[in-house]
Amino acid sequence: AQSVTQLDSHVSVSEGTPVLLRCNYSSSYSPSLFWYVQHPNKGLQLLLKYTSAATLVKGINGFEAEFKKSETSFHLTKPSAHMSDAAEYFCVVSDQETGFQKLVFGTGTRLLVSP
Amino acid sequence: EPEVTQTPSHQVTQMGQEVILRCVPISNHLYFYWYRQILGQKVEFLVSFYNNEISEKSEIFDDQFSVERPDGSNFTLKIRSTKLEDSAMYFCASSETTSKGTDTQYFGPGTRLTVL
């Protein structure tokens with residue numbers, strides 16, 4: 001079965017410094033991988049996705065993630081944090097075991113951005 | 001930009017009562033989903049729906065739950081007899097297909113269900 005591990009429950013950065021949110025996945029197949037963001041009292045917004053094209057994926061708001069099969073990782077990065085990036089971030093996997101229908105979420109990483 | 005909508009945003013009910021949560025998926029999407037997020041826990045898959053049938057469901061989705069597409073636009077989740085542990089945020093999502101590459105699921109803002 002698929003699974004996702006988000007290694008950090010909380011990450012704190014200062015505004016203007018780089019962001020790194022770590023994610024490792026497990027899948028017996030060639031997976032689709034996603035990062036979703038959830039701002040307080042809001043729904044889940046897609047940041048970016050990997051589906052087997054380029055391994056470096058660019059998303060919205062300056063975020064990007066790199067798929068590394070050898071490390072089974074899909075870490076999310078941003079060169080310079082902004083106050084508005086403070087939110088909960090979820091790494092998500094799906095694969096053909098469930099016909100790409102069931103998304104499996106990680107436990108989430110709360111990003112805190114200080115001025 | 002098209003988006004998934006959900007009503008109500010917040011539902012309070014008494015234990016044992018039936019609730020219906022409503023969703024309007026993106027209009028050209030063919031697959032519909034429900035997920036839930038109990039406070040402080042992971043987002044969990046409940047069910048997927050395609051061509052007027054349940055396509056996949058989790059072990060959470062027992063006989064207390066049902067889904068329906070009553071017309072061409074709405075997609076509903078019914079909980080027959082609510083329990084305290086059903087209190088959660090319920091998210092509806094939809095996707096164009098389930099083929100890798102067009103399987104992105106777009107989520108609604110959620111309905112917070114509180115069972116007293």
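Computed from a predicted structure; not experimentally measured. Below, read A as the first sequence line, B as the second, and so on, with proteins coming before strands; counting in each chain starts at 1.
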Contact list for residues 38-56 of chain B, test side chain to side chain donor-acceptor pair (under 3.5 Å), sequence neighbours left out: A:Q101-B:S48, A:Q101-B:S55, B:R36-B:E44
Is A:L103 in contact with chain B via its backbone, its side chain, both, or neither, using a 4.5 Å heavy-atom distance? both
So if I take each residue of residues 106-115 of chain A and look for any heavy atom under 4.5 Å from a heavy atom in chain B, which residues do I end up with? A:G106, A:T107
According to the interplanar angle, ranging from 0 to 90°, do the rings of A:F105 and A:F90 count as parallel (below 30°), tilted (30 to 60°) or perpendicular (above 60°)? perpendicular
Mark yes when over 12 heavy atoms from residues, nucleotides or ligands other than B:D71 sit less than 6.0 Å from its CG; otherwise mark no. yes
Does any part of the side chain of B:F91, heavy atoms only, come nearer than 4.5 Å to the side chain of A:Q38, both counted from C-beta? yes
By the side chain to side chain donor-acceptor pair (under 3.5 Å) test, which pairs, at least two apart or in different chains, include something from residues 18-29 of chain B? B:H29-B:S94
For residues 61-77 of chain A, run the donor-acceptor check on the side chains, cut-off 3.5 Å, and write out each pair with its distance to 0.1 Å, sequence neighbours left out.
{"unit_1": "A:E64", "atom_1": "OE1", "unit_2": "A:K58", "atom_2": "NZ", "d": "2.8"}
{"unit_1": "A:H75", "atom_1": "ND1", "unit_2": "A:C23", "atom_2": "N", "d": "2.9"}
{"unit_1": "A:H75", "atom_1": "ND1", "unit_2": "A:C23", "atom_2": "O", "d": "3.3"}
{"unit_1": "A:T77", "atom_1": "OG1", "unit_2": "A:E64", "atom_2": "O", "d": "3.3"}

Taking atom CG as the centre, does B:L39 end up with more than 12 heavy-atom neighbours from other residues, nucleotides or ligands that are less than 6.0 angstrom away? no
The interface call for A:Q45 against chain B, heavy-atom contacts under 4.5 Å, is neither
